[in-house]
Amino acid sequence: MDQIIVAIRSRHVLLHFGSEHRDSSDKKHRDKERLKLKDGSSDKQKDKHKEKKKEERADSSSFDLFGDMVQINNVLVPALCGAILVACVGMLVYILPSLCFFMPFRWEEERYTDGVKWKFLEHKGPVFAPPYDPLPSNVKFYYDGKHMKLSSTAEEVATFFAKMLDHEYTTKEVFRKNFYKDWRKEMTSEEKSKITDLNKCDFSEMSEYFKAQSEARKAMTKEDKQKIKEENERILQEYGFCIMDNHKERIANFRIEPPGLFRGRGDHPKMGMLKRRIRPEDIIVNCSKDSKHPKPPPGTKWKEVRHDNKVTWLVSWTENIQGSIKYIMLNPSSRIKGEKDWQKYETARRLKKCVERIRAQYRDDWKSKEMRIRQRAVALYFIDKLALRAGNEKEEGETADTVGCCSLRVEHLTLHQEMDGQEYVVEFDFLGKDSIRYYNKVPVEKRVFKNLQLFMEDKEPEDDLFDRLNTSILNKHLQELMDGLTAKVFRTYNASITLQQQLNEITNSEDNVPAKILSYNRANRAVAILCNHQRAPPKTFEKSMQNLQTKIDAKKEQLADAKRELKSAKADAKVRRDEKSKKAVESKKKAVQRIEEQLMKLEVQATDREENKQIALGTSKLNYLDPRISIAWCKKFGIPIEKIYNKTQREKFAWAIDMAEKDFQF
DNA sequence: TGTTTCACTTAGGAGTCCCCCT
DNA sequence: AGGGGGACTCCTAAGTGAAACA
């Protein structure tokens, strides 16, 4: 633990030095400080300082805000700290402990002070969706076979529908009904009286037009594509970053969601409703008082500008479908997200230390004379054993009908006294988050089985299985068992511990790199299966599998050829006994080896892909597996980290890459 | 105490990019 | 050089859980 703290501290000494000293936001004061720093520094110090500045520049864009920030960075580090910083650079390792002692570090402070998330926050606000671009006059809309010119507002909404025409969404009754209802609200009274039946609306010209547009986009010249790319890059540089406590951080979703038709997942009662356009007047901006506040577009106003440093979001607005709040927040690579992520895994590791005690307790509770305690204990058993989600209550009719553990209904379970030669089997069949089906047959202990029978007694299929339980009760109980324990920690814990165990078990140090990576993917897959992370099989799956098989066959033939050639070269060498033919044998041998390796690689690839058909590895990799496990594994077995984590993932897990040594165990 | 609100994490699909093979 | 297909990025919906509120 100490080691971890030192590791993360060292990172933050480098990255966030001096942030605590920025109490005054007075620019004049800052400038003064800068002067002091300049005058007070020795030449050597100045040089180092320059170097640091250079680094920061390279890191920042030339953009105004951040050009400014480079300065602020310098200014903000008061003279004393600047001097210490300079002195530190070369001997960081030695003075770290004492440094830690003296300096209140932000990550530390955050955890111990009352919910303060930052002290300085500056950004440029969101990027709004482009305004509606009306259709050219030759693209027509027909009602009941007759051309009809729509008002701009009604036309825009119609284009949303036209763009989705190929999607099966638009055939669903609920979708059409919701769309039609909301569309009418946008029509002029004249349009309203004319258009009375969605089935008589002909959007096909619009649809064709958009298809042609997308074709045209694909067919654009390289130069035009390059131009668009550059423009996007410019917007990214301008709006995609913010300054949070002296650091330029990437913003995750700085573009406001464009208007369109709501596409819920699964059987969503609100599918097809109009998601309205967000205007500056809908936007709440959050930034620090002493920052340069973002400017609303000319002629508009923000709904509000606030300075709440107890939250991490930069911008928020209320969405009209569910009435929920949407946020703009930082990228996963940011300090604020990274620290939270790290914390999450540390909580899961604390659970590891007491999970046996908790298990003993809930097993004991299966015998409790109180119904609520038995229910709690059985639910917890499911959450622990099957990695089910907590299952908060949901408002009926507002969302798709999905459940988690606490909201399971009688109809989602079937009890089998005996099944496939196993006793006490529970068959689960329900829709979970995102309407992904959870189907599983699980042998359980007799006591659990008997309890389930009891809970289901005299109930209708649509009744709650755990009628004396909800997530709030469960989490309150968990909180008493361990500080910071909630239902979701079990998912994190079980996912990570599974990866660790699987890796320990199935990695063969004799294997070559591709085979080891196959082992890794298999371990990852075990977790994905546990967490029920599914995906739709890729549309091209069968075909790409076939292609791969063709390649494998070709490679096999190639191998046979190479072997034949080797054999004849050997025979030749036996006869001739000269250097040249010996060399020929050697090179043929190498060829065979190379081809064997290539074949093996292909076969591994095929296995991996086949096993992965319906399983999504990404979600667990990104959200449930302590990255230190994977990094330690890479280090231990000499696997380049890039084979496991791509660039984005490495950025997100920078904290872990910094701190995990090869002997790290979850 | 139950309900609502808010903040933040987790999730799969769509869209885009880019690399490798032909 | 073109294009097929996998990898990656973007998008935003859908969860969790704590705090505020009634």
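All values below come from the heavy atoms of this structure, side chains included, with hydrogens, waters and symmetry mates left out. Naming convention: chains lettered A, B, ... in sequence-line order (proteins, then strands); numbering from 1 in each chain.
No engagement by A:R217 is indicated, since no non-hydrogen atom pair under 4.0 Å with the nucleic acid exists. Residue A:Q534 is in sugar-phosphate contact alone, with no base atom involved, counting any heavy-atom pair closer than 4.0 Å across all strands shown. Residue contacts shown for A:K229 are limited to sugar-phosphate atoms, with no base heavy atom under 4.0 Å away. Within 4.0 Å of A:Y624, counting heavy atoms only, lie sugar-phosphate atoms of the nucleic acid but no base atom. At a threshold of 4.0 angstrom between heavy atoms, the contacts of A:I436 are confined to the sugar-phosphate backbone, with no base atom among them.
The cationic group of A:K172 lies under 6.0 Å from the six-membered ring centre of A:Y169 and within 45° of the ring axis, placing it in a cation-pi geometry.
In this pair, A:H268 and A:F262 present their aromatic rings perpendicular. The plane angle is above 60°, beyond the 30 to 60° band. Between A:F653 and A:W655, the ring planes lie perpendicular to each other; the angle is over 60°, past the 30° to 60° tilted range. Ring geometry, A:F161 versus A:F203: the interplanar angle falls from 30° to 60°, so the pair is classed tilted.
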Pairs under 3.5 angstrom, nitrogen or oxygen only, protein versus nucleotides 8-12 of chain C, please.
{"from": "C:dT9", "atom 1": "OP1", "to": "A:T648", "atom 2": "OG1", "distance (Å)": "2.0"}
{"from": "C:dT9", "atom 1": "OP2", "to": "A:T648", "atom 2": "OG1", "distance (Å)": "3.0"}

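For A:Y520 and A:S630, the side-chain atoms include at least one donor-acceptor pair closer than 3.5 Å. Side-chain contact, A:N232 with A:E230: no donor N or O sits under 3.5 Å from an acceptor N or O. For the residue pair A:Y345/A:T492, the side-chain donor-acceptor check at 3.5 Å is not satisfied. Between the side chains of A:Y439 and A:N532, no donor-acceptor pair is found at a separation under 3.5 Å. A donor and an acceptor atom, one from each side chain of A:E233 and A:Q237, are located under 3.5 Å apart.
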I'd like to know whether A:D626 forms a salt bridge (Lys or Arg N to Asp or Glu O under 4.0 Å) with A:K344, so could you lay out the CA-CA distance, the side-chain angles of the two residues, the decisive distance to 0.1 Å, and finally the verdict. CA-CA 9 Å; A:D626 187 333; A:K344 173 180 79 185; over 6 Å; no

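Judged by closest nucleotide on DNA chain B, A:K310 is the one of A:K310 and A:T619 placed further toward the 5' end.
For DNA chain B, the span of nucleotides reached by chain A at under 4.0 Å from its heavy atoms goes, 5' to 3', from B:dC6 to B:dC18.
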Per-nt protein contacts along nucleotides 15-22 of chain C (heavy atom under 4.0 Å; B base, S backbone sugar-phosphate only, - none) come out as SBBS----

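Rounded to an integer number of Å, the gap from A:I321 CD1 to C:dA13 P is 8 Å.
Residues A:V157 and A:F179 are in side-chain contact: their nearest non-hydrogen atoms beyond the backbone lie under 4.5 Å apart.
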